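To start, the structure itself, in structure tokens.
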Amino acid sequence: MAVVVTEQSIAEWAPNEKALLDAKSLLRKGALKKLAKNDDGTLAFGHCDGSGSSPYAVSVDLATGADKPTVRCTCPSRLFPCKHGLALLLAYAQKGALFPVEEPPKDLVQKREKQAAQKAAAAEKKPAAAAPRVNKTAQAKKAKEQSDALDTLETFLVDLVAGGLGGLSGKSIEAIEHQAKRMADADMKRTAGVLTRLASYVSGEWLGDEDDDDAPGVRDVARGLGEAQEARIAFTLTQLYTTVRRGKKALEGKFVEEGTTQSEADAQLESILGKAWRLPELREAGYWVKNRKFLELAHERSDDEITEFATAIGFLVDLDDGSVVCEVTSLPFHTLPFTKLRASRMGTLEIAEAALYPGDLVNRRVRWDEKVEGVVRERPREAADYEAVHRHGKPLDPVLRAMRNQLKNPLHPLDAVFLVAAKKFGDVGGELVLEDEAGMRLVLRNMNDGRLPSTDALRHAAAAFGPGTLAVRLHYDLLKRAIYGDPLALFVGDEHLRLRA
């Protein structure tokens, strides 16, 4: 069976974010030439302009019998797949149907036949049980690379902090970006992403600042670090220090014995060490649920200018146990003209089986394979579904305690979505306030991230329909050191009033 190539799978196969960005650049520049495919479409090949004197020969073999394609390129890069191979994969995912059918080069056919013969010989020579020994060796090598990367990051952080925020310079930004590349090369992509964000905070790019036109390509520290900027930088440095400390423990397998839950320990493999969970692995590890009913509370899209990815998140309430989980899909910016992010779920989802990702987060990620027949069914909502939503609305006290508990881990998000039973809404000192049955109050504010104001929408909805059960995102303000609520949707009877466009 041929490997199915999608934009999402290409992003997962990329060795690091830089290689993927470089591949996109090659595609935009038209560096790929003479693209073609064989008669059954399982072999794509062509040439790609590069730094060499002549174009590189690049190919993609989809009939590998594995879950990844075989990518070949004549360039000297040590990355696999290289940026030229990734560019061909992207081109095939977007316009592979238009590739002309040609006879593949003889050497490529020979390599394919040789690979198939080697695989068949290996299957006869070794039983399947012998494979884990090779995997353990590869895992040990990867662990050593990641341990060395964490040691380098720790030394770098000590040097960076020693100079204080006043000592940050253009060279500091270059050094941070170098560390990001170092972590990406060690397959610690999330840590690389945190470092990339740190560079943007230092340079002020997150505020929309432009590079100096007189010095293209040269970046410097933003003029006059503001309080919000300093708070973001300080928190990001805390995240990185925690990454070093917990990453080393994860590599040594000391998490569980030091009191961390097995679920949180497994989550660190993803958030720190870059493990990409596959559905069979999650099932085998016990992170699996069956026969669940979900109703979507809110659906949001965010565009990350730093990573150039668009993300759609649906916050779903489990109608049986009341937990709020999230369904996540992401796509690179350049694919959006050809592919759409998942739309909002307007009905009630009946899920036969799904993965529930590990971790001590309030909103754990849920994922299922929609390609499998019978796994998911979306039906019209019923009165009993709305009754369950209201039944799971909680008072503020346990909600705030759960939020504070999540904030104890610097690697966790600074926000989480809850269902809160609201007795009334009102304005206090010019701010919208939620009050529960016990008289406890929560100030509602819009998150400062460019989204449309939802507090105004809530004022109108509550005035027209009255109070009810509020889907609200609690978020921690680093500068104010306080928790505020960002309203997402209001449920009143059988009405679901979404407060975001």
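The model shown is predicted, which means the values in this text are computed figures rather than measured ones.
Taking OG of S77 as the start and NE2 of H84 as the end, the distance is 7.5 Å to the nearest 0.5 Å. Remark: T152 OG1 to R182 CZ distance equals 4.5 Å, nearest 0.5 Å. Note that OH of Y92 and CZ of F45 are 10.5 Å apart. Values are rounded to the nearest 0.5 Å. Of the inter-residue distances, the one linking S25 atom OG with L20 atom CG reads 11.5 Å to the nearest 0.5 angstrom. Once rounded to the nearest 0.5 Å, the distance linking CG of L88 with SG of C73 reads 9.5 Å.
Panel note: side chain Q146, backbone A186; a donor-acceptor pair is recorded below 3.5 Å. Using modelled atom types, one side-chain atom of H299 and one backbone atom of R342 make a donor-acceptor pair closer than 3.5 Å.
Other residues, nucleotides and ligands contribute more than 12 heavy atoms inside 6.0 Å of the CZ atom of F235.
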**Prompt:** Under the side chain to side chain donor-acceptor pair (under 3.5 Å) criterion, do T42 and R112 qualify, and how do the steps go?
**Reply:** CA-CA 11 Å; T42 61; R112 173 187 254 197; 2.9 Å; yes
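Partners of R404 under the side chain to side chain contact (heavy atoms under 4.5 Å, CB included) rule, at least two apart in sequence or in another chain, are L400, I483.
Here salt bridge (Lys or Arg N to Asp or Glu O under 4.0 Å) pairs that include residues 70-87, with residues two or more places apart or in two chains, number zero.
In this structure, the side chains of P332 and K24 come closer than 4.5 Å at one or more pairs of heavy atoms. Inter-residue side-chain proximity for C82 and Y56 is flagged as unmet; no heavy-atom pair is nearer than 4.5 Å. Considering only heavy atoms from C-beta on, E327 stays 4.5 Å or farther from F294 through its side chain.
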